[in-house]
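Just follow the structure's listing: the first ligand is 1, and inside any ligand the first atom is 1. The figures here come from the full heavy-atom set of this structure, side chains too, leaving out hydrogens, waters and symmetry mates.
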Amino acid sequence: MATRIDGKKVAASVIEAVKAATSALEDEAGVKTGLAVVIVGDDPASHTYVGAKGRLAKECGFNSTQYTLPEETTQENLASLVASLNADAAVHGVLVQLPLPKHLDADAIIQSIQPEKDVDGLHVVNAGKLATGDLATGLISCTPAGAMRLVRSVHGEDLTGLAAVVIGRSNLFGKPMGQLLLHANATVTIGHSGTKDLAGVCRSADILVAAVGRAEMVKADWVKPGATVIDVGINRIDAPEGGAGRSRLVGDVAYDAVSEIAGAITPVPGGVGPMTIAMLMANSVIAAYRKAGVTPPKF
Ligand code: GUN
């Protein structure tokens, strides 16, 4: 039976470390970490996420400001808000919640954030620094950083000799995750919808990371006995067994069956999910340390 990797517990330990780092920076350099979160429109799920980010930022001791813009905001207005946040020395991190309303060019906005303040790690400069192994000055996108933190909780820093397979090749997750695993010396394969014998490829993995967005796609016979399985999927499926009209969240991995085979596995919910927001807090305080010319701790 696999060990359950407790993302809530690891996230809580990251948040404790962020709190300590935040107060140390304030005591030693007189700098309070500033995070600006921008949301456009009324999407309820986005407002829930943004509210959680703001609350946690305050709990970490940050100066956290939310900018709520109406649905009909123009590209120019949003761009000028980002420009003013870029220019504000008290703001160390700028996050524009996605998705943006359809009439806005999200990529142009994300690429206009100063890379040093891009705490989401979505700017091409940060993607490029990760690709070239410059983890010392870049900011790493929060979900892959969080998934990697869970891999490290099982295997430590050095993955030499281990085969890692990431299913999914998105810019948001699959590509940066592959690069983080490679940076830690794993032998990395990125599988996707065009991969021949995906199940067989997955079966070769000592570390299997699933980010496809298909409920319970990874079956027990896709998994090498003893492997570490990181499930990045969040899928809502019907759950009539709980009553008519009920649904529940599942990952990309068939958890119960795979638990019988794997060595360690993340649950959904309670695995990678809580890590994303914790790593956002970590990136924010890292950005503040760098701006102050102080070497940040590692989270
Ligand atoms: N929307 C859903 N997840 C995210 C995220 O991690 N960052 C941003 N900016 N928007 C999101």
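For the pair Leu95 and ligand 1, the shortest N or O to N or O distance does not fall below 3.5 Å.
A donor-acceptor contact closer than 3.5 angstrom links the side chains of Asp134 and Thr137.
The single protein non-hydrogen atom nearest to atom 10 (N) of ligand 1 is Leu98 N, 2.9 Å, given as residue, atom name and distance. Protein heavy atom at the shortest distance from atom 3 (N) of ligand 1 is Gln97 NE2, 4.4 Å. Residue, atom and distance of the protein heavy atom nearest to atom 6 (O) of ligand 1 are Asp120 OD1, 3.8 Å.
Formation of a donor-acceptor pair under 3.5 Å by the Arg248 side chain with backbone atoms of Asp238 is not found in this model.
Residues Ile5 and Ile230 meet the side-chain proximity criterion, which asks for heavy atoms closer than 4.5 Å.
Heavy atoms of Thr143 found under 4.0 angstrom from ligand 1: none, in either backbone or side chain.
If you run side-chain contact (heavy atoms from CB on, under 4.5 Å) between Val10 and each of Thr266, Ile15, Leu150, only Leu150 comes through. Here the rule is side-chain contact (heavy atoms from CB on, under 4.5 Å) with His92, and of Leu25, Val31, Val285 only Val31 fits it.
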